[in-house]
Amino acid sequence: MEYDFRSIEQKWRNNWRENQTYKVSEDNSKKKFYVLDMFPYPSGAGLHVGHPLGYIASDIYARYMRHQGWNVLHPMGYDSFGLPAEQYAIQTGQHPAITTENNIARYREQLDKMGFCYDWNREVRTSDPSYYKWTQWIFKQIFESWYNKDTDKAEPISSLISKFEENGNYGVNAAMEDDWYTKIDKSKFFFSEKWEGDFSDTDWRSMSNEQKELILMNYRLTYLADSMVNWCPALGTVLANDEVKDGRSERGGHPVEQKLMRQWSMRITAYAQRLIDDLEKIDWSESIKEIQRNWIGRSEGASVKFMVEGSAYEIEVFTTRPDTIFGVSFLTLAPEHELVSLITTTECKSAVEAYQNAAKLKSERDRQSDVKNISGEFTGAYVIHPFTGDKVPVWIGDYVLAGYGTGAVMAVPSGDQRDFDFAKKFNLPIPNILENTDISEKAEPSKEIKLVNSSFLNGMVYKDAVKKVIEELEKLGCGKGKINYRLRDAVFSRQRYWGEPIPVSYEGEVPMVAADSALPVILPEVDKYLPTEEGEPPLARAQDWKYDRNTMPGWAGSSWYFLRYMDPQNNDAFVSREKADYWGQVDLYMGGAEHGTGHLLYSRFWTKILFDLGFIGFNEPFKKMINQGMILGRSSFVYRIQGTNKFVSFDKKDEFDTQALHADISLVDNDVLDTEAFKNWLPEYRDTEFILNEEGKYICGTEVEKMSKSKYNVQTPDELVEKFGADTLRCYEMFLGPVEQSKPWDTKGINGVHNFLRKLWRLYHNQANECSVSDETATKAELKVLHKTIKKINDDLNRFSWNTVVSTSMIAVNELTDLKCNKREILEPLTILISPYAPHLAEELWERLGMKGSVTVAAWPEFNASYLEDDAFDYPVSFNGKTRFFISLPTTMEKDEIEKAALSHEKAAQYLDGKTPKKVIVVPKKIVNIVA
RNA sequence: GCGGGCGUGGCGAAAUUGGUAGACGCACUAGACUUAGGAUCUAGCGCCGCGAGGCGUGGGGGUUCGACUCCCUCCGCCCGCACCA
């Protein structure tokens, strides 16, 4: 009888469930630690071996911290609203709630098999009404807030209304929609008795309710507005910027087009600066911080207004190089820019409209791939240069993006390559404003060159010129310093069924948010999950539906779920302030880096709002994050000889003209194909013939690819758990390499890890499989193994290096086997040390040793350095009485051996003084330190 | 183009503060054992060389007594962003 993982794991799973071993509660006498995994979307395919990688690592860490005496919150749940369940519903008519329920059951089964120590009492599901009630409630709070730029935080809308009642909006410094499509310059729109300018409107108090609401809509942190959105016709919904990759939808890869639609948006732009600044406060990888910084895209510069000649219109541009303003030779507007139709002269009208239409027809993707093709059209209009008074022609061109800055640029061909190319193509002037610089071939963007032909900026370089020119622009009132962000407000409406209803009804144009008592607004039943014939979203099919017909995006529920785990059953609040204060930030967040611009940004955003409004006491959700790498599949290939049903082994395939086809990896063992199983796999292969190699085997070719059903390379954890046990799988996944790294899945090494666990088992059991632990006192050598292991495992876990933790355990077990050590004194602590990777096994052994109580509350063994005292690894080597270098040697070496080793460094020492040292003195480091 | 990361045996990798490079595991080789197991045990396993010895962490250079580690440069790979004004 050997290590019987099946019965051990079964037994402990039941034990944990019956005893609620992993249930946690708030306990003020203990320090808290919050370990969280990104919760999964329960897809129909179930878990593959890539999913658990991060779960295993965080589970190990959670156990470790629990052993160390921390009160550890380690929950799991499901991000259960989403597209696949809805698409499945459209195809089959099955309600997405049922699909989701089934998938969750499957996930749960798989997760349980792997022995995770989650507190399932705290499970959350975003699609559960008791959960999305609070998603809707948070939406309400955001709706009832505005962003005060003076206090630099969100405040309840009531504080804004008091300001309005007092002074109107004069002097109100709020974050507002910065969207040129609407073309309302809100900085000039005032309703106040104190305002004496031209645009004064009526007094706040005398306005109708509807008027008030429409004004407030411009201030709310979530607002309804006509915005240019990514419309995906194939999916029938709008998408947020982060859901679009290369002009196609991230899910499904369907084309996406730009469309003006009335939509809910979240004013994330108000938080742009804080989202950048607070990255400094969190322990995330540099790469993911950088992804967020790029996405927010802060750039410093100036906005400059150009008056259109002979009209009252003015064109505002954003530039990062206001210092080059004397090099402007034309302006370019995005073809969609609203002013285009208003300023274009009659002679140019038809050409400009043709260009606009052509641009409209181009998809975002075509436009991007057409980058090298310079195109544009003259509008016939001119603007006046604010300093020189020169006439500057206004062009349109699709190299100017509608969605960035103001959708208009001042073109400086001498300094910007795109402007240069445009000028060359259309024969526009290229004035040189750079001292001693040849710009006949290309633009020169350097900031170090002195300016010439630039009036009051002559002789200055960028750094000084920018300050000066902004000063002058402000004096003239036609420009100012400005920080521009690439980040856009986040579109919040989705024309879909399987999501949270937006708890808003309408009275005319005015949105009325539902009362708290009306929450949750339950997702209604519909006859079909498709849009109506009129193109209305699926919710329009619901009977007597009086709310908004859109639903919330997938990221709504996932932006705050980590808070709900703290207080999952609370019916009076999304989380009580007390519990939120106790558990606080997530101390360790484990998940994929692919959410860099989505979930991770939106959760930070919502956390900051909830912090500003005083619901929670921290403004960053995830203190430390580790991004596990993707586990790639290792596909197997068979080689069919063209036009036949003969398949040739990989090592002989070059003798034939072959076609590579995927073979299911379950038919392949160590790259050898089970030919009989292959014949029975798919009907088309029934009559296959094989050309085998010399050894009579059919060898498959391999390739590393993303795991996918169509490539037949998906490895489910279930099969491996069945074959080797959960502990082996867990250890093996950790042993594959650094958790952050992407790596191909390869089961070749799994035996080694399995054997390690068997070896551990044998330390406790004799050949008859009887527990055979002795109470003899451990020897010094044995204690040394133990304490070296404790130290190393502590160190490795504290630097989140799970793979070396497993290695260290293997070394320890090897050494104890060599010492034939089965002393209780050693094995008990060793068991706890190894338990993070082999929980079931450790606990089984623990019980067989007759220990009382639960392992999860047992203390992690203390490291005792005294056992390593004479095991000083670093010996300084002295020549001529001077310490020259250190060598690391094991203490088991005799003194003359050490000297011999040191002497081998003589050559190195020769470089020091040019001569061979006479004497080598070797002393332990510690003594040297004391002398010094 | 910009930004981030990486490059070590046949393979996955380790080396934590600049100090014995390749721990641990896989694969492989030879042997032992056996109630034949996906078992265990012993020995070997970076490259060249019979050997002494020499070489070796992508290439080249530098700092240092000493470099996988720090600096410069080139090459290669991965990831993110990209007509962002």
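Chain letters run A, B, ... following the sequence lines, proteins first and then strands; every chain starts at 1. All figures in this text were calculated on a predicted structure; none of them were measured in a lab.
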Student: So does A/Arg293 get a side-chain nitrogen or oxygen closer than 4.0 Å to the phosphate oxygens (OP1/OP2) of B/G4?
Tutor: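 So the side chain of A/Arg293 is outside the cut-off, no N or O lying under 4.0 Å from OP1 or OP2 of B/G4.
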Student: Would you measure the distance from the P atom in B/C47 across to the matching atom in B/A52 and give it in whole Å?
Tutor: 16 Å
Student: Looking at B/U42, B/C24, B/A85, which one has an atom nearest to any side-chain atom of A/Ile811?
Tutor: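 Nearest nucleotide to the side chain: B/C24.
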Student: Please determine, for the side chain of A/Asp398, which listed nucleotide (B/G4, B/A85, B/C83) has the closest atom?
Tutor: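 When the side chain of A/Asp398 is considered, B/C83 is the closest of B/G4, B/A85, B/C83.
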Student: Parallel, tilted or perpendicular: which fits the ring planes of A/Tyr61 and A/Phe800, with parallel below 30° and perpendicular above 60°?
Tutor: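 Ring orientation of A/Tyr61 relative to A/Phe800: tilted.
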Student: Quote, to the nearest angstrom, the C1' distance that separates B/A21 from B/U8.
Tutor: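 So the two C1' atoms sit 8 Å from each other.
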Student: Measuring from the side chain of A/Met810 (C-beta onward, heavy atoms only), which nucleotide among B/U16, B/G25, B/G4 has the closest atom?
Tutor: B/G25
Student: Please step through ring-ring contact (aromatic ring centres under 6.0 Å, His included) for the pair A/Tyr3 and A/His765, ending with a clear verdict.
Tutor: CA-CA 9 Å; A/Tyr3 163 45; A/His765 298 87; 9.5 Å; no
Student: B/C72 and B/U63: how far apart are their C1' atoms, nearest whole angstrom?
Tutor: 11 Å
Student: Whole-Å distance between B/C83 C1' and A/Asp421 CG?
Tutor: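 My rounded result for the distance is 10 Å.
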Student: In whole angstroms, how far is the P atom of B/G37 from the CH2 atom of A/Trp761?
Tutor: 22 Å
Student: What is the distance from CG of A/Asn814 to C1' of B/U40, rounded to the nearest Å?
Tutor: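 Distance check: A/Asn814 CG to B/U40 C1' gives 13 Å.
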Student: Determine which nucleotide pairs with B/G1, using a 3.5 Å limit on both distances of a Watson-Crick or G-U wobble pair.
Tutor: B/C81
Student: Nearest to the side chain of A/Leu401 - B/G12, B/G4, B/A85?
Tutor: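 Closest of the options to the side chain of A/Leu401: B/A85.
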Student: Just checking A/Ser287: base, sugar-phosphate only, or nothing, at a heavy-atom cut-off of under 4.0 Å?
Tutor: sugar-phosphate
Student: Under a 90° cut-off about 0 for the syn range, is B/G9 syn or anti?
Tutor: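 Nucleotide B/G9 adopts syn.
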Student: Mind calculating the distance between CG (A/Asn627) and C1' (B/G5) to the nearest angstrom?
Tutor: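 Computing the A/Asn627:CG to B/G5:C1' distance gives 13 Å.
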Student: Could you give the distance from OG (A/Ser742) to CD1 (A/Ile631), rounded to the nearest 0.5 Å?
Tutor: 9.0 Å
Student: Do you know which two heavy atoms are closest between A/Phe735 and A/Asn803, and how far apart they sit?
Tutor: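 Where A/Phe735 meets A/Asn803 most closely, the heavy atoms are CD1-O, 4.1 Å.
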Student: If each of A/Lys759 and A/Phe724 is mapped to the nucleotide of RNA chain B with the nearest heavy atom, which maps nearer the 5' terminus, i.e. the 5' end?
Tutor: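 In this pair, the answer is A/Phe724.
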Student: A/Asp419 near the nucleic acid: base, sugar-phosphate alone, or nothing, with a heavy-atom cut-off under 4.0 Å?
Tutor: nothing
Student: Answer yes or no: is there an ion pair linking A/Asp795 with A/Arg799, defined by an N-O contact shorter than 4.0 Å?
Tutor: no
Student: Within the 4.0 Å heavy-atom criterion, would you say A/Lys723 contacts the bases, only the backbone, or no part of the nucleic acid?
Tutor: base
Student: Under 4.0 Å from OP1 or OP2 of B/A14: is there any side-chain N or O of A/Asn803 that close?
Tutor: yes
Student: Mind checking the P distance from B/C24 to B/A43? Whole angstroms is fine.
Tutor: 12 Å
Student: How far does the P atom of B/G7 sit from the matching atom of B/G12, given to the nearest Å?
Tutor: 12 Å
Student: So what's B/C55 paired with, Watson-Crick or G-U wobble, going by both distances under 3.5 Å?
Tutor: B/G46
Student: Which nucleotide in the set B/U16, B/A85, B/G80 lies at the smallest distance from any side-chain heavy atom of A/Val400?
Tutor: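 The nucleotide sitting nearest to the side chain is B/A85.
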Student: Going through the distances and angles, do A/Trp745 and A/Tyr732 end up as a ring-ring contact (aromatic ring centres under 6.0 Å, His included)?
Tutor: CA-CA 11 Å; A/Trp745 178 255; A/Tyr732 183 58; 5.6 Å; yes
Student: For the C1' atoms, the ones on B/G44 and on B/G10, what distance do you get once it is rounded to whole angstrom?
Tutor: 16 Å
Student: Kindly point out which of B/G25, B/U16, B/A13 is positioned nearest to the side chain of A/Asp796?
Tutor: B/U16
Student: For the P atoms, the ones on B/U73 and on B/C2, what distance do you get once it is rounded to whole angstrom?
Tutor: 14 Å
Student: For a quick test of reading the model: is some side-chain N or O of A/Gln741 closer than 4.0 Å to OP1 or OP2 of B/A13?
Tutor: yes
Student: Aromatic rings A/Phe422 and A/Tyr399: how do their planes relate, parallel, tilted or perpendicular, breaks at 30° and 60°?
Tutor: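 Tilted: the ring planes of A/Phe422 and A/Tyr399 meet at 30° to 60°.
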Student: Please report the distance, rounded to the nearest Å, between CG in A/Asn484 and P in B/A85.
Tutor: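 In whole Å, B/A85 P and A/Asn484 CG are 8 Å from each other.
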Student: Rounded to the Å, how far apart are A/Gln417 CD and B/C84 P?
Tutor: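 Spelled out: CD on A/Gln417 to P on B/C84 is 12 Å.
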Student: Please figure out whether A/Ala408 or A/Gly737 has its closest RNA chain B nucleotide nearer the 5' end.
Tutor: A/Gly737
Student: Considering only B/C24, B/C84, B/A14, which nucleotide approaches the side chain of A/Tyr404 most closely?
Tutor: B/C84
Student: Rounded to the nearest angstrom, tell me the gap between atom CG in A/Leu736 and atom P in B/G12.
Tutor: 12 Å
Student: Could you check which of B/U16, B/A85, B/C24 has an atom nearest any side-chain atom of A/Arg799?
Tutor: B/U16
Student: How many whole angstroms separate atom CD of A/Glu336 from atom P of B/C83?
Tutor: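 Roughly 14 Å, once rounded to whole Å.
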Student: Any side-chain N or O of A/Asn751 under 4.0 Å from OP1/OP2 of B/A39?
Tutor: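 Answer no for this pair, as no side-chain N or O of A/Asn751 is under 4.0 Å from OP1 or OP2.
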Student: Scan A/Pro744 against the nucleic acid and name what it touches under 4.0 Å (heavy atoms): base, sugar-phosphate only, or nothing.
Tutor: nothing
Student: Would you mind checking if A/Arg418 and A/Asp416 are paired as a salt bridge, meaning a charged N to carboxylate O distance below 4.0 Å?
Tutor: yes
Student: State which of B/C84, B/A85, B/C41 makes the closest approach to the side chain of A/Arg486.
Tutor: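 Closest nucleotide to the A/Arg486 side chain: B/C84.
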Student: OP1 or OP2 of B/G4 versus the side-chain N and O atoms of A/Asn294: is any pair under 4.0 Å?
Tutor: no
Student: Closest approach to the side chain of A/Arg762, judged atom by atom: which nucleotide of B/G80, B/A13, B/U40 is it?
Tutor: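 Nearest listed nucleotide: B/U40.
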Student: Pick base, sugar-phosphate or nothing for A/Lys792, based on heavy-atom distances below 4.0 Å to the nucleic acid.
Tutor: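 Result for A/Lys792 = base.
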Student: Expressed as a whole number of Å, how far does the P atom of B/U69 sit from that of B/U17?
Tutor: 15 Å
Student: To the nearest 0.5 Å, what is the distance between CG (A/Leu830) and CD1 (A/Ile790)?
Tutor: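 One finds 8.5 Å between CG of A/Leu830 and CD1 of A/Ile790.
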